[in-house]
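In what follows, a structure is listed as structure tokens, so that the remarks can point back to it.
Just so it is clear, the values below take in all heavy atoms, side chains as well, and ignore hydrogens, waters and symmetry mates. The chains referred to below are lettered A, B, ... by the order of the sequence lines, with proteins before strands, and numbering in each begins at 1.
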Amino acid sequence: MTVPKEYDPHIIEPKWRDSWNMSMYHFDWKDSTRPQFIIDTPPPYPTGNFHIGNSLNWCYIDFVARYKRMCGYNVMFPQGWDCHGLPTEVKVEEIHGITKNEVPREEFRNMCRELTVGNIEKMRNTMLNLGFSTDWSNEFVTMEPEYYSKTQRSFRKMYDMDRLYQSEHPVNWCPRCETAIAFAEVEYDSRETKLNYLYFDGLQIATSRPELLAACVAVAINPEDERYKEHLGSTVKVPLFGHDVKVIGDKDVDPAFGTGVVMICTFGDKQDVRWWMEHSLPLRKAIDKSGLMTDIAGKYKGMSIPECKKAIIEDLEKEGHLFEQKPLEQNVGMCWRCSTPIEILSERQWFIKIDTDEVSKASNDIEWLPEYMKVRLDNWTNTMEWDWCISRQRLFATPIPVWYCKHCDGVMVAKEEWMPIDPTQQQPPEACKCGSTEFEAEEDVLDTWMDSSITALHVSGWLTDHEMRLPTQLRPQGHDIIRTWAFYTILRSMAITGKKPWDAILVNGMVLGEDGHKMSKSLGNVIAPEEVIKDYSADSFRQWAAIGGSPGSDVMFRWKDVVSASRFFTKMWSIYRFAMSHLEDYEHCEMDVSELKIVDRWLFSNLNTLVRSVTGSMDDYQFDEAFKAVRGFTWDILADNYIELVKSRLYGDDESGKKAAKYTLYVAIDTLSRLLAPFAPFFAEEMFSRIGNGSVHVHSWPKVCESMIDAEIEKSGEFIKDVASNVRRYKSEHGMALNAPLEKIEIYGSLADITDVLGATNSPVEVIAGEPDFEHVPVNVKPNMGVIGPKFRGQAKDIINALLEENPKKIADEIAKGKITVKVKGDMLELDPECVEIEKEVVSAGRAVDVLDIGGVPVVIVR
RNA sequence: GGGCCCGUGGUCUAGCUGGUUAUGACAUCGCCUUUACACGGCGGGGGUCAUGAGUUCGAAUCUCAUCGGGCCCA
């Protein structure tokens, strides 16, 4: 049982990674004795790079999974991959030097699949290196038939429930990606643009989008606006294009903005859509799907939006319609993937009806950690105006399982038993109601959130032979996708099953770079978890994740945190090595408290307090608190004090004292390896491997032994510790070697057991009852605010001042008699002794000794 | 424009159901080779708790305002 001098994570971590039997982390579908703990793990997008933000979140998940497993839960920590999406399409085009339309649809989709498979492999590898206790028997891949058939079946089910419909409706459109996108995919950024003042016949209007003049369908004013009241209901001519539009009134028009007259276009922005619907205005499409001007733009047809804007402004100026331009700060909606400004186009799309009440109700029934994150979902839910557009004009995604009859206007939605199915590759096995067998396939595909919003259903066994185990217990995710993933998952779970998807949602923060900014390639502050593993270790990385901050808050990545993490392991290893050197032929068996020394019991009292507080912190998902407590105990209590105090016993001849110290060390090491297991699975396993049977990860979480927690023992132990450390300091201050003996140490108090004081100071110790034969001078009166404040309230301040002016000796004498009399503003007041504390100083009376005051007990050192 | 979070020694942070001397880490300075560890031990210096007002005997903690930072949304 040799313990190497140094802990080398680059040997130990791969050793355990490669030898662990991962089936110990599998969820048992048949087990009904243990409570289930199913985690709705986020399925990352397979970019091939498992980045630090993912890693932080996965560390949190793994802390929970390992902890719950040790506490006796039947834990499922599944792993999914959210494969579909545009970035992969773009990457494939780049790698193969093609555009998606140059190869057959299916071939292109295969190229995407191939790239994704490789990327998943790379990310899986990082996860294994980080020591996650993933349940690989519950892995899912959204592009695989097994999964996307569920996406398609969910489509069919919601269609049957009448929660899904097809309609022509304005949608957010990215002209670069040439697809519709949902509101959740729109990001806003402020840009400087110009507000153009134009003449519409006699009316002056202000617009930031003159290129949409061709799409102008009305002019609106505020009905209360006295300046324009007479124009209400009249008609004006649109400059350059010459079509007539009506002047309508709407209270949402801000009279203070521009001229107080706005033009309504189909569509310039979301407000236009509101007005368009409210006033039943006609539709004029001036921009096509590629972001080019259409026929109705006349001579501007075929121009891009910026080109058209420039040309129209020139023409307006030339013809005298433009009379002013002012700079305008504007928030522009952009595609979250490519940052292209979005347009609002009216297109035939598939939508899911949004029942905001249902979502709110479910959200109220879910525990939000931290709680304030719930507000973000509520704000989003309460401002929903349109339904969720779920169709996309892309290739690499779940096909919409629909055909259109070529002979009638019948829509054929695939039956569940036909799924998975790609309508562009297969014809429906049935004829249309009209008898025709000629169909046109729906070429649109589903929004990828349609795949990922059923993860909770998927992992809980929906549509399998297993018993359905919804709700899951925990959804861990970032706050950046509350309005998407969290919102859609709740919506879909409620719609399909009527159940909430999870009991609790744990929201993690973002990882910031060392400069305090969000990590991004352009700022050059990106750190890959693999770098940290290479330079330090996975356990050190995990420790950074644990102590960086409480979940929900953004966490800064700092190398020095990783360094101090690895120092902790060095320290722990050194403690471990020391303990093991004394435990070589140790056989563990239970020991009675009576056989333990005060210092041992002091250690046990602290250890059990530690277990209690760490357990509480873990239950509250406060990993930073939990780990800091473990670290504090290990370093301050175990290493700096306990070990120093028991060394003399361990090296000495007293067998019973030695045995007690060994027992204590053994239990401390065993307990610490279990407490560390969720955080540092490799290190804990290495520790445990020499003292326990099998993997620490299948053992139980330590239980608190309440009877070992004893305030009296802690006080005595603390006193011994203080004597030892004060004597240590005394020797240091007097230039003595720390193991140099003193002539004698006299303790004026009571102490049942001086063994460890003796050992730690290497000096004779005498405990003497009573007062030392030199002066014991009260030097300070300390009013006890906690007692005086609530008792005397308004008078408190005067009492305190009066006390401070009194002679400390007089007060001390009065305390001895049980009553303190003090003169406050002329009145004599009686106070209880508990109202003050007296600080005393021990003054040696000419003897050649030094006196230390340790917690009020005089300790005399004779050199 | 609305909502949410935050402002504590040089840096990061704990405390924030009000109570005496504000926690810890890193950095810094001084001392120390002590049979686990110098990636260590012991000790020191360094804080108008963003600002202002209010409530209170008493405010880092509660209330309001102001300033500053971040995030989400319109």
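By the ring pair (Phe, Tyr, Trp, His ring centres under 6.0 Å) test, A:W276 is found to be paired with A:F267, residues two or more places apart in sequence or in another chain being considered. A:K326 pairs by the side chain to side chain contact (heavy atoms under 4.5 Å, CB included) definition with A:Y197, A:E324, not counting sequence neighbours. Every residue meeting the side chain to side chain donor-acceptor pair (under 3.5 Å) condition with A:H51, not counting sequence neighbours, appears here in chain and number order: A:N54. Under the rule for a side chain to side chain donor-acceptor pair (under 3.5 Å), A:D539 has no partner lying at least two apart in sequence or in another chain. For A:E343, the side chain to side chain contact (heavy atoms under 4.5 Å, CB included) partners at least two apart in sequence or on another chain are A:P175, A:R209, A:I287, A:I305, A:L345. Every residue meeting the side chain to side chain contact (heavy atoms under 4.5 Å, CB included) condition with A:A684, not counting sequence neighbours, appears here in chain and number order: A:L676, A:A677, A:V696.
Counting to the nearest Å, the P atom of B:rA36 and the CD1 atom of A:I575 are 13 Å from each other. When the P atom of B:rG40 is taken as reference, atom CH2 of A:W635 falls 5 Å away, rounded to whole Å. What separates CE of A:M687 from P of B:rA36 is a distance of 17 Å, to the nearest Å. Atom CG of A:L638 and atom P of B:rG41 are 13 Å apart (whole Å). Atom CD1 of A:I482 is separated from atom P of B:rC72 by 11 Å (rounded to the nearest Å). In this structure, A:L512 places its CG atom 9 Å from C1' of B:rG70, rounding to the nearest Å. A:K5 has its NZ atom 10 Å from the P atom of B:rA36, to the nearest Å. We find that CZ of A:R567 is positioned 11 Å from C1' of B:rA25, with the value rounded to whole Å.
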Give every donor-acceptor pair under 3.5 Å between a side-chain atom in residues 624-633 of chain A and any protein atom, sequence neighbours left out.
| residue | atom | partner | partner atom | Å |
| --- | --- | --- | --- | --- |
| A:E625 | OE1 | A:S617 | OG | 3.1 |
| A:R631 | NH1 | A:Q543 | OE1 | 3.2 |

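Distance check on atom P: B:rA27 versus B:rC42 gives 16 Å, rounded to whole Å. To the nearest whole angstrom, the two C1' atoms, one in B:rC16 and one in B:rU63, are 14 Å apart. Taking atom C1' in both B:rU20 and B:rG15, the straight-line distance is 16 Å, to the nearest Å. Rounded to a whole angstrom, the distance from the P atom of B:rG52 to that of B:rA60 is 13 Å. Using atom C1' as the reference point in both B:rA14 and B:rC72, the two lie 27 Å apart (nearest Å). On the C1' atoms, B:rG10 is 14 Å away from B:rC29, given to the nearest whole Å.
Identified under the salt bridge (charged side-chain N to carboxylate O under 4.0 Å, His left out) test for residues 543-563 of chain A, with sequence neighbours left out: A:R558-A:D561.
A:T489 and A:R475 are linked by a side-chain donor-acceptor pair at a separation below 3.5 angstrom, with hydrogens and angles left out of the test. Between the side chains of A:W485 and A:Q477, no donor-acceptor pair is found at a separation under 3.5 Å. Side-chain atoms of A:S360 and A:S363 include no donor-acceptor pair closer than 3.5 Å.
Contacts between residues 641-649 of chain A and RNA chain B, defined by a heavy-atom separation below 4.0 Å, involve A:I643, A:E644, A:K647, listed by number.
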For nucleotides 31-33 of chain B, list the nitrogen or oxygen atoms of the protein found under 3.5 Å from its nitrogen or oxygen atoms, one pair per line.
none

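The aromatic rings of A:Y7 and A:W573 lie tilted to each other, with the angle between the two planes from 30° to 60°.
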Legend entry - Where protein sits on nucleotides 3-12 of chain B, one letter per nucleotide: B base, S sugar-phosphate only, - none, heavy atoms under 4.0 Å: SSS-----BS
Legend entry - Dot-bracket encoding per residue of RNA chain B, Watson-Crick/G-U cut-off under 3.5 Å, | denoting interstrand: (((((((..(((......[....))).(((((.......))))).....(((((..]....)))))))))))).
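Phosphate proximity of B:rG41 to A:K571: present, with a side-chain N or O under 4.0 Å from OP1 or OP2.
The residue A:A639 sits close to a base: some heavy atom pair falls under 4.0 Å.
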